[in-house]
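Keep in mind it's a predicted model, so treat the numbers as computed, not measured. Basis for what follows: all heavy atoms, side chains included, without hydrogens, waters or symmetry-related copies.
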Amino acid sequence: MTTVRVCIVITGLGIGGAEHALLKLLTALDRRRIEVSLIVLGRLDTLAPQYRAIGIEPIFIGFQAGRWPFTEIGRFIRTVRDLRPHLLQGWMYHGNLAASFLGARLGLPVCWSVRDTPDPAHGHSRFTRMTIALSRWYVGRVAKIFNVSARSAAYCCERLGWPAASTEVLPNGLDVRRFRPDDDARRRLRLELDMGENAPVVGMVARWSPVKNHRLFIEAAAVWRQVRPDARFVLVGKGLDAENAELAAWLDEYALRDAVHLLGARHDLECIYPAFDLLALTSKSEGFPNVLAEAMACGVPVVSTDVGDAVEIVGEGGRIVAATAGAFAEAFSALMSGPEYAAAADAARRRIVERYAIENVAERLAAQYEALLRAST
């Protein structure tokens with residue numbers, strides 16, 4: 001079998017879910033079968049050391065906002081020609097569009113990767129919405145569209161007119177050896193935050209953004225505290241810290257200052273999740289909510305709104321509820337009731353190991369690339 005040379009095109013290497021998902025996928029990919037090169041259109045390089053650590057040297061083209069990119073476009077074309085890939089893989093909307101532009105120019109097959117559901121609730125920027133709209137000019141010649149969730153795939157086919165025959169659901173994979181139940185981690189974080197071993201703890205891991213709907217989480221916490229005055233809550237993610245004035249005002253409004261711990265951005269989530277009894281996801285829109293799978297792999301049941309592929313992920317490992325504070329609080333109480341909790345915790349871990357282990361997802365992607373190479377030769 002010929003090794004497939006794949007050139008991945010991404011906008012930047014910032015700290016985001018899609019960038020981390022790509023890193024995990026490439027770490028698990030069999031590089032004897034798939035030879036990977038990585039082109040970064042912009043200059044954001046936060047995760048570059050992690051990519052280098054797995055043997056992939058990012059090539060930065062240097063596009064900058066607010067200036068005409070004539071020089072950068074030429075560098076982009078020359079770089080891909082020199083790499084001589086069999087196919088181009090866009091990663092997220094801007095990478096998809098850039099890969100399609102170049103694929104049409106050089107006669108190369110192109111794959112897209114869609115990492116969310118591009119519906120109005122997601123709140124994409126005007127520039128991203130324009131990018132998605134412009135992509136329609138290329139969608140007819142895309143070899144394969146990898147959607148991160150079944151809901152995203154259905155939306156793109158039904159609402160955007162993208163071809164179902166070219167669409168494949170490829171969920172985010174998870175390192176189930178990294179994310180696992182860990183009693184020592186549970187004790188350490190609870191001791192650090194002075195929460196006590198037996199206090200019910202509900203966590204939420206999500207960057208500060210309107211689409212994540214932290215207001216609903218705070219409202220649900222306030223409702224549940226009326227039932228469980230000993231309950232504690234942990235918020236993790238960029239912008240979830242003491243500098244967030246709007247969040248601080250909400251905590252004061254609901255008298256939750258002493259009950260909510262703000263940890264900000266963390267890169268050791270495998271040490272955070274095990275300290276939770278439950279994880280909540282209050283988002284208005286998602287593609288494949290990584291945090292559900294990560295928490296469940298750690299044996300933590302989840303309560304989520306019906307967004308993205310949450311229903312497919314959760315199964316018997318938690319509850320899908322309406323986007324109301326009462327519904328969340330009721331689910332917290334139900335899940336924390338004795339026998340149901342143990343069953344949900346066991347089901348959560350088992351479901352993620354069986355369905356979303358990163359090795360299985362990487363194998364599926366490698367097989368798709370090999371099939372595309374066979375079809376194009």
**Q** What residues, two or more places apart in sequence or in another chain, satisfy salt bridge (Lys or Arg N to Asp or Glu O under 4.0 Å) together with Glu197?
**A**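 Partners of Glu197 under the salt bridge (Lys or Arg N to Asp or Glu O under 4.0 Å) test: Arg186.
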**Q** Per the salt bridge (Lys or Arg N to Asp or Glu O under 4.0 Å) rule, which among Asp306, Asp309, Asp119 passes with Arg151?
**A**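 Single salt bridge (Lys or Arg N to Asp or Glu O under 4.0 Å) partner of Arg151 among Asp306, Asp309, Asp119: Asp306.
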**Q** Tell me, which pairs form a salt bridge (Lys or Arg N to Asp or Glu O under 4.0 Å) where one or both residues lie in residues 231-247, sequence neighbours left out?
**A**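 Matches after skipping sequence neighbours: none remain.
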**Q** Kindly compute the distance separating CG (Asp82) from SG (Cys7), expressed to the nearest 0.5 Å.
**A** 11.0 Å
**Q** Return the CD1 to CG distance between Ile8 and Leu26, rounded to the nearest 0.5 Å.
**A**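 The CG atom of Leu26 is 4.5 Å from CD1 of Ile8, to the nearest 0.5 Å.
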**Q** Please check if the side chain of Ser337 supplies one atom and the backbone of Ala334 the other of a donor-acceptor pair under 3.5 Å.
**A** yes
**Q** If the plane angle is over 60° it's perpendicular, under 30° parallel, otherwise tilted; pick one for Phe217 and Phe233.
**A** perpendicular
**Q** Check the angle between the aromatic planes of Phe127 and His94 and answer parallel, tilted or perpendicular using the 30° and 60° thresholds.
**A**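 It falls in the parallel class, under 30°.
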**Q** Side chain to side chain donor-acceptor pair (under 3.5 Å) with Arg364: which residues, sequence neighbours excluded?
**A**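 By the side chain to side chain donor-acceptor pair (under 3.5 Å) rule, Arg364 matches no residue at all.
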**Q** For Tyr356 and Phe288, what are the C-alpha separation, side-chain angles and deciding distance, and is it a ring-ring contact (aromatic ring centres under 6.0 Å, His included)?
**A** CA-CA 11 Å; Tyr356 300 109; Phe288 183 96; 5.3 Å; yes
**Q** Does the ring center of Trp112 lie less than 6.0 Å from the ring center of Trp162?
**A**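 Here the rings of Trp162 and Trp112 have centres that are less than 6.0 Å from each other.
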**Q** Which pair of heavy atoms, one from Val291 and one from Leu279, lies closest together, and at what distance?
**A** O-CD2, 3.8 Å
